[in-house]
Structures are given as structure tokens and as C-alpha cells.
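Numbered from 1 within each chain, the chains take letters A, B, ... in sequence-line order.
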Amino acid sequence: MRDRSPDLRIHDFQEVDPGLNGQEAIAEAMLCLQCKKPLCVDGCPVGIDIPGFIAQVAEGNFLAAYEIIRSENMLPAICGRVCPQEVQCEGACVLANKGSPVAIGALERFVADRAREETDPKPPALAEQTGKRVAVVGSGPAGVTAAAELVRRGHSVTIFESLHEAGGVLIYGIPEFRLPKEVVRAEIEGVKDLGVTVHLNHLAGRSITPEELLGHDAVFLAMGAGLPHFMGIDGENLNGVYSANEFLTRVNLMHADRFPESDTPVMQGRRVAVVGGGNVAMDAARVARRLGAEAALIYRRREEDMPARKAETEHAKEEGVRFITCANPVKIYGEQSVTGIECLRMDLQGTDESGRPVPRPVEGSNFVVDADLCIIAIGQSPNPLLARMIPGLRLGKRGTVLVDDDGRTSIPHVFAGGDISTGAATVITAMGSAKVAAVAIDRMLMEQG
Amino acid sequence: MYRIKEKKELADGIYECWIEAPHISRHARAGQFLVLRIDDSGERIPLTISGVDGDDVRVIYMAVGKTTHYLASLGEGDLIRDVAGPLGTPATIRDYGTCVVIGGGVGIACTPIIAKELREAGNRVIGIIGARNAGLLICEDEMRDVCDELFVCTDDGSSGYHGFPAGLLKRELEALSIDAVWIIGPAIMMKITSEVTRPYGVKTFVSLNPIMVDGTGMCGSCRVTVGGETKFACVDGPEFDAHQVDFDELMRRQRIYLDQEKEALALYQNHECRCMGDRKHA
Ligand SMILES: Cc1cc2nc3c(=O)[nH]c(=O)nc-3n(C[C@H](O)[C@H](O)[C@H](O)COP(=O)(O)OP(=O)(O)OC[C@H]3O[C@@H](n4cnc5c(N)ncnc54)[C@H](O)[C@@H]3O)c2cc1C
Ligand SMILES: Cc1cc2nc3c(=O)[nH]c(=O)nc-3n(C[C@H](O)[C@H](O)[C@H](O)COP(=O)(O)OP(=O)(O)OC[C@H]3O[C@@H](n4cnc5c(N)ncnc54)[C@H](O)[C@@H]3O)c2cc1C
Ligand code: FES
């Protein structure tokens, strides 16, 4: 809403948007028309009673609003910040047609932040213990959501997470200035308070064998899509070439921005080139700016075709990230370390299945982008390790775990959700699929008696 | 938190540490490693699992930089924030016939567990261990126990054969029919030593040690080129066919953070001096 000035924010990792205050929130909530058939709720993958919580905000009952949101969404302070509301609830809001929808995301964030700051919100009521044991693999939004839903229904839930901190991409990927880690920690603590056990430093498949995992009454797989793609071009293993995952993990999870107080280093670069045009690429470029580098983004289509949220491309531009569009790298130069990236111009013709123009290289159009650091953000695929170790688990062409509408895999008591089954998607779709699977898991466990 | 059960200095600057980590000890196999992070601001560093006893796992490490020096300063009863594992694909143990297992420097630490599993699989195992001098030799008795035969060498001749493991290996290759060779040590030693087996066409494995972050296949920091293809050493390895490895690339990538590593170590040692000074005052 009121972003901090780009000149200020490129020097720190504090949030770009400081959020609404109480008065602003009430004023915004009053704009809601309280539609009889609220389209916004249809636009929400987890079906939050949006008019319901907004009505409470308008009355100044912030905690009551929080209870309404939390009955459907355990991670509202996170979703309020990173959901693509423009294509979900806010995109469906009737006021959107007239120009500006109710700022549902900002309200959700306000309500969650207020609840976290002011009170110790009481944990939702739990059902009686069923004695059923459920294993969840991965502590990203999908794993955490499924765990919360299942523990609420009285099952005993253990999450196995390979990293030293829970949260998945929320902790290691999305930078502090978009999603403060303190917010993530608080919401995950809320889930742990329900009674979910979290085993960190446990790589399922290795620290616990597939057989041990399958020995649980039910299993929910939520390993995410963390396998970084590389381009397969010359020079890609030079020093100074990072996957976006590595660059972001070094800074977000390992705090390399605070080196040497923090022990993990990162190459900061003076001229950083980021390849890609999604949220991940924007995040990498904006982190590079904050570490003091000039940053350019190399993308093969036009700016309007970039898959990143519009707000993020705008933020990146405000912060001085240069966009080099209709270009694709063919070679990275350097002896020890990167000195430049050779690109080809792309000509756009026709459209593909997704409706975006198809880029074709223009022969002889080679040019070189000067850079001492190159960050590759062209996508990730599902984490293959565990999925390949489970006998009989059917996988799709791109390594996704195949599931039916209930999130059930080819093994009857094994379910999956989030990026491992959809391929790289969003926080809220991961949560939505986890909720669906949790309901199906609960039904299966209760039918067994 | 993971407790240090036992810790001692094995040789000058080389330490052994037993850590209580049942989730690792239960399933660890030869050739696998763990990743540890000492405290909240610590770096994640990979160390080979060199032994298992009940709930405890052993690491043997050389104090080279900030994290390994810090680890060397800890003792029995101290806690390590995070220990993840077992990571990596286990060594390809089967019945080959006659195998040679070679360790160089602190790389010797990784050899007893491999030699032991090879022997249990029915192989005749010849061990070769080498270090700069006698004072830096580790695990000699342990290797003698698990190998059918053990040869020792030092660069300066202060113990055993005067020269590099490559020399002893060549001698064995001339004398015997050898079916598989493991070489573990500094990258340059693995590169040179594996050239010895190439003309004989003997299957040769090395365990690569690129810089890692997660150790679970999610970042690509550990990428190495093997047979012209990019592999992630933390999941596809760390063991690879020596004759396919691009060692020059590995050595180049190991140097990425040299400047920062020096800075971090200097800061740590400076700080350590001051703390020790304070303690003396008190
Ligand atoms: C940089 C970046 C920015 C993004 N920005 C946005 C955004 O603004 N809005 C949005 O909606 N989405 C965004 N996304 C996408 C979103 O973060 C993901 O879709 C979402 O996190 C997927 O959730 P998940 O629970 O399926 O998996 P993840 O969040 O990936 O979590 C999976 C977890 O499983 C663990 N794991 C994997 N394998 C194992 C194993 N074998 N054993 C134990 N643990 C294991 C991993 O360590 C990880 O912690 C972004 C993604 C990235 C990378
Ligand atoms: C699979 C694997 C197994 C290993 N096993 C052992 C072992 O059993 N005993 C042992 O002494 N050493 C082992 N190493 C090397 C060990 O990880 C490094 O010595 C250690 O990380 C150095 O950290 P530092 O902070 O003390 O030194 P630094 O000053 O940070 O670095 C010294 C050198 O160690 C390497 N290094 C630095 N950071 C890392 C990192 N995060 N990952 C990997 N290498 C790094 C670099 O080449 C660097 O130049 C292993 C490495 C790998 C990849
Ligand atoms: S260390 Fe990150 S992928 Fe291997």
C-alpha cells in the first residue's frame, strides 16, 4: 500500500510494505460491499470466509476476524504477504471491475500481525486422540498445513524436515524484505503448539528409510520442488554461477548478508545477471541489489510475459533492476570466475499452449552482457530423492508424484500435495492441496476404525 | 541439539569426535557423510561418517578454517546445534575380488569403514595410507585390523615407504591382479593417484569434496563434472568413477571463497585469543 522508498529499501532487508494501521484497516474494510454471493471466496484456494472476517475488521473486532481466518488458514500472516491476490480473491472482487478491489491481502496480513503482536491467540480446539500415526515429509506450507489439519482431528503427526529450520521455501527462498522470517517462525510455532512433532535434520529416505516411513498409518509427501534447473550451456560451472536456490539459501537461511558475523559466505558481485522472469528471479535480483551490486535480468520473452507477480516486477524496477528482454544466454565467459554472458536475441512468434509468445533465437544476433556473477532462476522440479526410493510410487513426466482429486498417490495410504505433486506453484495452492489431502487421510483413518 | 560423547586429538591438528545422533547412526553406510552446524550463526559443513557405535557416529577432521577450528575447541558434553544425515549415496560395495583402499592425509579417516565393508562382502583388501610425515598419520591400527595387508607411506620418509601412495599403488598393480581401487584424500592427490590405475583399466573410485550447503540436492553448490555431465556430489555421489572426474574444475570450485575463509579464520582466532586472555584474567 505505502511502500518504503526504493532508495531506502535497497540498503536493508526490512519489509518493503510496512502494512496497514488499525484506522486504515477499518477504513479499507468498510469498502467491502458484503456481497450475498461473495466471488472473492470462490477465488480463495482455501475458502476463507472473506466477507465474514472483513465485517469484523470494520467493527474493530480484530481478534474475532483472526479466529475466522485461522479456522481455514493456519498461515495468514504469510498468505497476506505472498499470495497472488490479484488473480485470486482480489481479482474476483466485484469492485475489481470498477478499478480497485478491496485490499483483502493487506487486511488479512493486518489481522494476523495484530493477533501475533497483541495476544496469545488460543489454539483451535482439538478432537479426541485417535491413536493413528501420520508421517509428513517436508515442512513447507503444504506439510505444515496438512500437519495442522490432521493434528486438529486427533491424529498423532510427525513432520520430517531435512534442513535445520522448518518452513520450506518460506524460510530458505522468499527473502526477508517480502516475508520476515520472524513471521514465518511465529506461524510455524503456532502449528507446533497444536502438538505436531517436528524432526529437523531428518532427510526422509536416508535418516528414516522408505519402509519406516510407510510403516505409519498414513503418509503425506510434501517435499516441494527444490531441484534447481541449469541451462546446460558452456561455462555454467564457473565460479560465480549460482542457482537462485543456492544464492537465496545462502542469504535467507544462512544469513550470508551478515558475513563474517554469520559464518556462511556468498559472492556478492558488482554486476549481477539473473536469468529468468519469475518470482524467484525477481527475488534473486532484488537480494543482489541489497548486497550492493548492479543487477540485470535476462528474460527470453517480453516484460509483460514474465510469470512473476506484477507487483514484484514493479518493485524490482523501482529498485533499479535493469530488464534485458527477448534475450537468451548461450554461453558464460570466464577463466576462473564469470566475466560475461553471451546472449542471443529472441524473436517472438505465434503463441504456445499457455497463450504466451514462442521465443525463437535470431541467428547472428549475439551480444555480451558484462557480469561477474550469474544467477540462474529458470525453474525448479520436484525433489527426486525420496520419491524415487519408494517402490510402487507413480511419478509423472516431470518427476511429480501423481495423485487423484483427494491427493492420494498410487499407494493407498500415501498422499501428496504442494509443489511435489503440482510442480512449482504457489504457497496457497500448496496449502489448498494439503487441506484436501488431510480431509481424505482423516476419512481413511476413521473408516479403518 | 546433539551431544559430543568423546573427542580427542589424533595427530597434529586432526581430531576425532563422537556425536550422539541415532537418526544417523541407525542407517549410516560406508561412503556417506553428515552435515553439521555448530551454532545459530554457523556454516553447514559436510564431514564423512568414519565410524558408527550404537547411537553415536564418528567424524575425523582437520582444523583448516573457522568451523573446523571451532569444532576442535569443543569437548565432551558440548552440544552441536544441528547434525543432518546420513547423506549421499553409499559406496558401491560388492565382491570384486582384490581391492586396494587408499587414504591420503585426513582422507585416511574415510578408509576403515570402506575397507571393513569391502572385506565383509568377501574381498581381499589391501590398505595404503599416506601422510606428509609420521606425526600426521591417523587410523593406522584401525586399518591394520580391517585390511588383509596394510602399507604406510610418508612424503618425508619418517614412517614406512618414502613417497606418495601413488608409488605404492603402482608397485601393487605390477605385482598383483587388482579388481577395484578406492582413493580418498585431497583433490590433487586423488587426481594424481587415479592416473596410476588408468593404464591398467582398473575400476577406480574417488570420494569428492566440493563445497556444499544443504547436502540434499537443492542448491547445486556441489556440482561436479563427471563423464562430461554435471552431477550433484551430495546426492549423486560423493563417490564417482575417478577416471571420469574433472578434477581441475573441482579444485577451482573449492577455491571460490578463499578470501572470505581467511577473513573468517583471522576474526575467529583473534576473538579466541581475546577470550582466552579474559579467562586468564578472571
Ligand atoms: C524464491 C521463491 C519465491 C517465491 N515466491 C512466491 C510468492 O511470492 N507467492 C507464492 O504464492 N509462492 C511463491 N513461491 C512458490 C512457493 O514458495 C512454493 O510453491 C511453496 O513453498 C510450495 O510449498 P511446499 O510445501 O509444496 O514445498 P516447499 O516450500 O518447497 O517445502 C518442502 C520442504 O520439504 C523439505 N524436504 C524435501 N525433501 C525432503 C526429504 N526427503 N525429507 C525431509 N524433508 C524434505 C525441504 O527441505 C523443504 O523444507 C516462491 C518460490 C521461490 C523458490
Ligand atoms: C562429502 C564431504 C566429506 C568431507 N569429509 C571430511 C572429513 O571427513 N574430514 C575433514 O577434515 N574434511 C572433510 N571434508 C571437508 C570439510 O567439509 C571442510 O574442510 C570444511 O568444510 C572446512 O570448513 P572450515 O570453516 O573449517 O574451513 P574454511 O576456511 O571455510 O574452508 C577451508 C576449505 O574447505 C572447503 N570448504 C569450505 N566450506 C565448505 C563447505 N561448506 N563444504 C565443503 N567444503 C568446504 C573449501 O575448499 C575451503 O577452501 C569433506 C567435504 C565433503 C564435501
Ligand atoms: S550441496 Fe546443495 S545440492 Fe549438493
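With a 4.5 Å cut-off on non-hydrogen atoms, B/E229 does not touch chain A at all. Contact annotation for B/E263: only side-chain heavy atoms (C-beta onward) come within less than 4.5 Å of a heavy atom of chain A. Of the atoms belonging to B/V83, it is backbone heavy atoms, and not side-chain ones, that fall under 4.5 Å from chain A. Interface residue A/E261: only backbone heavy atoms are found under 4.5 Å from chain B. Within the 4.5 angstrom heavy-atom criterion, atoms from both the backbone and the side chain of A/M267 approach chain B. Residue B/R44 touches chain A through both its backbone and its side chain, counting heavy-atom pairs closer than 4.5 Å. Neither the backbone nor the side chain of A/H255 comes within less than 4.5 Å of any heavy atom in chain B. Proximity to chain A is absent for every atom of B/I24, based on heavy atoms less than 4.5 angstrom apart. With a 4.5 angstrom heavy-atom cutoff, A/V266 touches chain B only via backbone atoms. Heavy-atom distances place the side chain of A/R250, and not its backbone, under 4.5 Å from chain B. With a threshold of 4.5 angstrom between heavy atoms, A/L385 approaches chain B through side-chain atoms but not through N, CA, C or O. Only the side chain of B/I211 comes within less than 4.5 Å of a heavy atom of chain A; its backbone N, CA, C and O stay farther away. Of the atoms belonging to A/S207, heavy atoms from both backbone and side chain fall under 4.5 Å from chain B. Only the backbone of A/L200 comes within contact range of chain B, judged by heavy atoms closer than 4.5 Å.
For the atom pair OH of A/Y242 and CD1 of B/I256, the computed distance is 6.5 Å after rounding to the nearest 0.5 Å. Atom CD of A/Q336 sits about 6.5 Å away from atom CZ of B/R252, to the nearest 0.5 Å.
By the 4.5 Å heavy-atom criterion applied to side chains, A/S262 and B/E43 are not counted as neighbours. The shortest side-chain heavy-atom distance between B/P90 and A/R206 falls under the 4.5 Å cut-off. Side chains of B/M218 and A/N383 form a contact here, defined as non-hydrogen atoms less than 4.5 Å apart. Contact check for A/I208 versus B/H23: no side-chain heavy atoms found under the 4.5 Å cut-off.
Residue B/Y257 comes nearest to A/E246 through the heavy atom pair OH-OE2, 3.9 Å, listed as atom of the first residue, atom of the second, then distance. B/G217 approaches A/L227 most closely through the heavy-atom pair O-CD1, 3.6 Å. For A/D263 against B/G42, the heavy-atom pair with the smallest separation is OD2-CA, 3.4 Å.
In this pair, A/F230 and B/F232 present their aromatic rings perpendicular. The plane angle is above 60°, beyond the 30 to 60° band.
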Side chain to side chain contact (heavy atoms under 4.5 Å, CB included) for A/L203 and B/L87? Distances and angles first, verdict last. CA-CA 8 Å; A/L203 179 65; B/L87 305 174; 3.6 Å; yes

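Per-residue counts of heavy-atom pairs under 4.5 Å with chain B were compared for A/N201, A/N245, A/L238; the largest is that of A/N201. Between chain B and the residues A/N239, A/T209, A/T264, the most heavy-atom pairs under 4.5 angstrom are made by A/N239. Put simply, of A/E165, A/H202, A/R258, the one with the most heavy-atom pairs under 4.5 Å next to chain B is A/H202. For the set B/A21, B/G88, B/S25, the entry with the most heavy-atom pairs within less than 4.5 Å of chain A is B/G88. Listed options A/L253, A/V241, A/T249 were ranked by heavy-atom pairs under 4.5 angstrom with chain B; first place goes to A/V241.
Judged by distance alone, with hydrogens and angles left aside, the side-chain atoms of B/R223 form a donor-acceptor pair with the main-chain N or O of A/E236 at under 3.5 Å. In this structure, the side chain of A/S243 engages the main chain of B/C219 through a donor-acceptor pair within 3.5 Å. With B/R253 contributing its side chain and A/N237 its backbone, the two residues share a donor-acceptor pair below 3.5 Å.
Electrostatic pairing of B/R26 and A/E212 counts as a salt bridge here, judged by a charged N lying under 4.0 Å from a carboxylate O.
Atom NZ of B/K116 has 12 or fewer neighbouring heavy atoms from other residues, nucleotides or ligands inside a 6.0 Å radius.
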